[in-house]
Amino acid sequence: IGGLVLIKNPHLDTMEEDILYHLDLGTRTHNLPAMFGDIKFVCVGGSPNRMKAFAQFMHKELGLEGSGEDLADICAGTDRYAMYRTGPVLSISHGMGIPSISIMLHELIKLLHHAKCRDVTIIRIGTSGGLGIEAGSVVITDTAVDASFQPRFEQVVLGDVVVRSTDLDRDLAEELLACSKEVPDFPTLIGHTMCTYDFYEGQGRLDGALCSFSSEKKLEYLKRAHEAGVRNIEMESTAFAAMCGLCGLKAAVVCVALLDRLEGDQIRAPREVLREYQQRPQRLIAAFIRRRLGLHPPAGPALPSSN
């Protein structure tokens, strides 16, 4: 309705106060429309440090006054998530895995609703394991799939399995791909992203504390995933796509591949190489936000801090 963020919960209308516990915010204790009503872009990623670095980077990219070094963590009263705002951009950490991102998203979506935000674009930026692509490639997700390569997010609710769609906004993905031409020093592609509940066995790794399969079985599985269109693997995209889709948020997932899982399991690149890889999604999203706002790139070679 007019670009507003929807909530699919009739019980919220009967509550006198909504406490966003894990964000340390609330409808009675904070003026959410004043604090967040003009937010147009929300970027979420796993690490608090990385999302602070992204907020500082966006501060420079948007040409805002000051250094941005003293950005305050809006969620400083909790140690669960970190949140920073710079201009119309909100930057939030979500931790690792579906349970962690889903808690954050429930409260973030309610926050955007209570703040009466309109026409919000939300993007997950992060790292992933690539599949048949070179390390450092950036994958823009068209569809998030589960470990059976199906475009669905399954959750047990009151003992029943609820299945939700995981389609992401195609036009937004194409727009992001077009923006990648502005940062041409790394490969960018559109593909399926596989989301798992686990980093080790769930992603076919041979190097965890437990492993119940052979290297041949692992390779066969990963090749099947690649044939199904999967180009990278991470642990949040199905829940992210399902929740954002149901609440009317235009959403995208943009992750860099730290390695090609068909070549091995362990990340062996030097730290400085990984640091530069991690900056790639941030640089692409900065170009996208600048283009949306009609801004020119800042002078000089701006890069996210290495924090």
Enquirer: What is the distance from atom CZ of Phe41 to atom CG of Leu62, rounded to the nearest 0.5 Å?
Expert: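 Interatomic distance, Phe41 CZ to Leu62 CG, rounded to 0.5 Å: 9.0 Å.
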Enquirer: Ignoring hydrogens, what is the shortest heavy-atom contact between Val42 and Ile39? Give both atom names and the distance.
Expert: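 Closest heavy-atom pair between Val42 and Ile39: CG2-CG2, 3.9 Å.
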Enquirer: So, taking the atom named CE in Met58 and the one named CG in Leu90, what distance separates them when rounded to the nearest 0.5 Å?
Expert: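 Rounded to the nearest 0.5 Å, the CE-CG separation comes to 12.0 Å.
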Enquirer: Hydrophobic clustering (ILVMFWY, side-chain heavy atoms < 4.5 Å, transitive) - are Leu105 and Leu12 grouped together?
Expert: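 As far as the 4.5 Å side-chain criterion goes, Leu105 and Leu12 are connected within one cluster.
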Enquirer: Restricting to non-hydrogen atoms, name the atom on Ser93 and the atom on Gly46 that form the minimum distance, rounded to 0.1 Å.
Expert: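 Heavy atoms of Ser93 and Gly46 come nearest at CB-O, 3.8 Å.
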Enquirer: Can you name the closest pair of heavy atoms from Pro33 and His114 and give their distance?
Expert: CG-O, 3.6 Å
Enquirer: Could you tell me whether Arg80 atom CZ has more than 12 heavy atoms of other residues or ligands within 6.0 Å of it?
Expert: no
Enquirer: Are Thr193 and Cys255 close enough that some pair of their side-chain heavy atoms sits under 4.5 Å apart?
Expert: no
Enquirer: In this structure, would Phe288 and Leu177 fall into the same cluster of hydrophobic residues linked by side-chain contacts under 4.5 Å?
Expert: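 Shared cluster, yes.
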Enquirer: Check whether the side chains of Arg280 and Thr127 place a donor and an acceptor atom closer than 3.5 Å, and report yes or no.
Expert: no
Enquirer: Just how far is it from atom CD1 of Ile103 to atom CG of Leu20, taken to the nearest 0.5 Å?
Expert: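 Going from the CD1 atom of Ile103 to the CG atom of Leu20 covers 13.5 Å.
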Enquirer: Linking I/L/V/M/F/W/Y whenever any side-chain heavy atoms sit under 4.5 Å apart, do Tyr277 and Leu131 land together?
Expert: no
Enquirer: Determine yes or no for a side-chain-to-main-chain donor-acceptor pair under 3.5 angstrom, with Ser128 supplying the side chain and Gly130 the backbone.
Expert: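 No; judged by distance alone, with no hydrogens or angles, the pair does not exist.
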Enquirer: Side-chain contact, heavy-atom cut-off 4.5 Å: Arg292 with Lys40?
Expert: no
Enquirer: Checking Arg50 against Gln282 for the side chain to side chain contact (heavy atoms under 4.5 Å, CB included) test, could you report, in this order, the C-alpha distance in whole Å, the side-chain angles of both residues, the deciding distance, and whether it holds?
Expert: CA-CA 10 Å; Arg50 204 181 302 152; Gln282 300 185 22; 3.3 Å; yes
Enquirer: Asp146 versus Phe153: any side-chain heavy-atom pair under 4.5 Å?
Expert: no
Enquirer: When you look at Leu25 and Lys110, which way does the side chain to side chain contact (heavy atoms under 4.5 Å, CB included) test go after all the steps?
Expert: CA-CA 11 Å; Leu25 294 166; Lys110 291 196 296 175; over 6 Å; no
Enquirer: Does Thr166 reach the side chain of His192, with side-chain heavy atoms less than 4.5 Å apart?
Expert: no
Enquirer: Should the heavy atoms of other residues, nucleotides or ligands under 6.0 Å from OH of Tyr21 be counted, would the total exceed 12?
Expert: no
Enquirer: Give the minimum heavy-atom separation between His113 and Val5, together with the two atoms involved.
Expert: ND1-O, 3.0 Å
Enquirer: Taking Phe199 as the starting point, is it possible to reach Leu259 by hopping between hydrophobic residues whose side chains are less than 4.5 Å apart?
Expert: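 Result: no, two separate clusters.
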Enquirer: So that I can tick it off, tell me whether Glu61 and Arg283 are bridged by a salt bridge, with the cut-off set at under 4.0 angstrom between side-chain N and carboxylate O.
Expert: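 Looking at Glu61 together with Arg283, the answer is no, because their closest N to O distance does not fall below 4.0 Å.
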Enquirer: Side chains of Ser137 and Leu189, heavy atoms from C-beta outward: is any pair under 4.5 Å?
Expert: yes
Enquirer: Do His226 and Arg261 have side chains that approach each other closer than 4.5 Å (heavy atoms only, starting at C-beta)?
Expert: no
Enquirer: Might you work through the side chain to side chain contact (heavy atoms under 4.5 Å, CB included) test for Ile122 and Leu112, ending with a clear yes or no?
Expert: CA-CA 11 Å; Ile122 182 167; Leu112 297 172; 5.5 Å; no
Enquirer: Provide the closest heavy-atom pair for Leu293 versus Pro88 in the form atom of the first, atom of the second, distance.
Expert: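 Closest pair (atom of Leu293, atom of Pro88, distance): CD1-CG, 4.1 Å.
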Enquirer: Ignoring hydrogens and angles, tell me if any N or O in the side chain of Asp265 forms a donor-acceptor pair with the backbone of Leu206 under 3.5 Å.
Expert: yes
Enquirer: Got a sec: does the CE of Met35 have more than 12 other heavy atoms crowding it under 6.0 Å?
Expert: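 Yes.
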Enquirer: Can you tell if the side chain of Leu111 reaches within under 4.5 Å of the side chain of Met83, non-hydrogen atoms only?
Expert: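 When only atoms from C-beta onward are counted, Met83 and Leu111 do touch, with a gap below 4.5 Å.
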Enquirer: For residues 236-250, dump all side-chain donor-acceptor pairs below 3.5 Å to protein atoms at least two apart in sequence or in another chain.
Expert:
unit_1, atom_1, unit_2, atom_2, d
Glu236, OE1, Arg124, NH2, 3.1
Glu236, OE2, Gly97, N, 2.6
Ser237, OG, Glu234, OE1, 2.8

Enquirer: Around atom CZ of Arg205, are there more than 12 heavy atoms of other residues, nucleotides or ligands at under 6.0 Å?
Expert: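 Counting other residues, nucleotides and ligands, CZ of Arg205 exceeds 12 neighbours.
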Enquirer: As a quick check of understanding, evaluate side chain to side chain contact (heavy atoms under 4.5 Å, CB included) for Gln150 and Val145, giving each step before the final call.
Expert: CA-CA 5 Å; Gln150 299 300 311; Val145 300; 5.8 Å; no
Enquirer: How long is the gap from CG on Asp260 to CD on Glu134, to the nearest 0.5 Å?
Expert: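 Answer rounded to 0.5 Å: 9.5 Å.
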Enquirer: Does a side-chain N-to-carboxylate-O contact under 4.0 Å join Arg231 and Asp142?
Expert: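 Judged by the 4.0 Å cut-off on N to carboxylate O distance, Arg231 and Asp142 do not form a salt bridge.
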Enquirer: Got a second to check how far Cys75's SG is from Asp24's CG, nearest 0.5 Å?
Expert: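 One gets 7.0 Å once the value is rounded to the nearest 0.5 Å.
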Enquirer: What's the spacing between Cys195 SG and Gln203 CD if we round to 0.5 Å?
Expert: 9.0 Å
Enquirer: Please check: side-chain N/O of His106 versus main-chain N/O of Ile101, any donor-acceptor pairing under 3.5 Å?
Expert: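 Flag not set: sc His106 to bb Ile101 has no pair under 3.5 Å.
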Enquirer: Does CZ in Arg268 sit with more than 12 non-hydrogen atoms of other residues, nucleotides or ligands closer than 6.0 Å?
Expert: no
Enquirer: For the residue pair Val89 and Tyr84, establish whether any side-chain heavy-atom pair is separated by less than 4.5 Å.
Expert: no
Enquirer: When clusters are formed by joining ILVMFWY residues with side-chain heavy atoms under 4.5 Å apart, either directly or through shared neighbours, do Met104 and Ile74 land in the same one?
Expert: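 Cluster IDs for Met104 and Ile74 match.
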Enquirer: To check you understand the geometry: which heavy-atom pair defines the closest contact between Tyr81 and Ser100, and what is its length?
Expert: OH-O, 2.7 Å
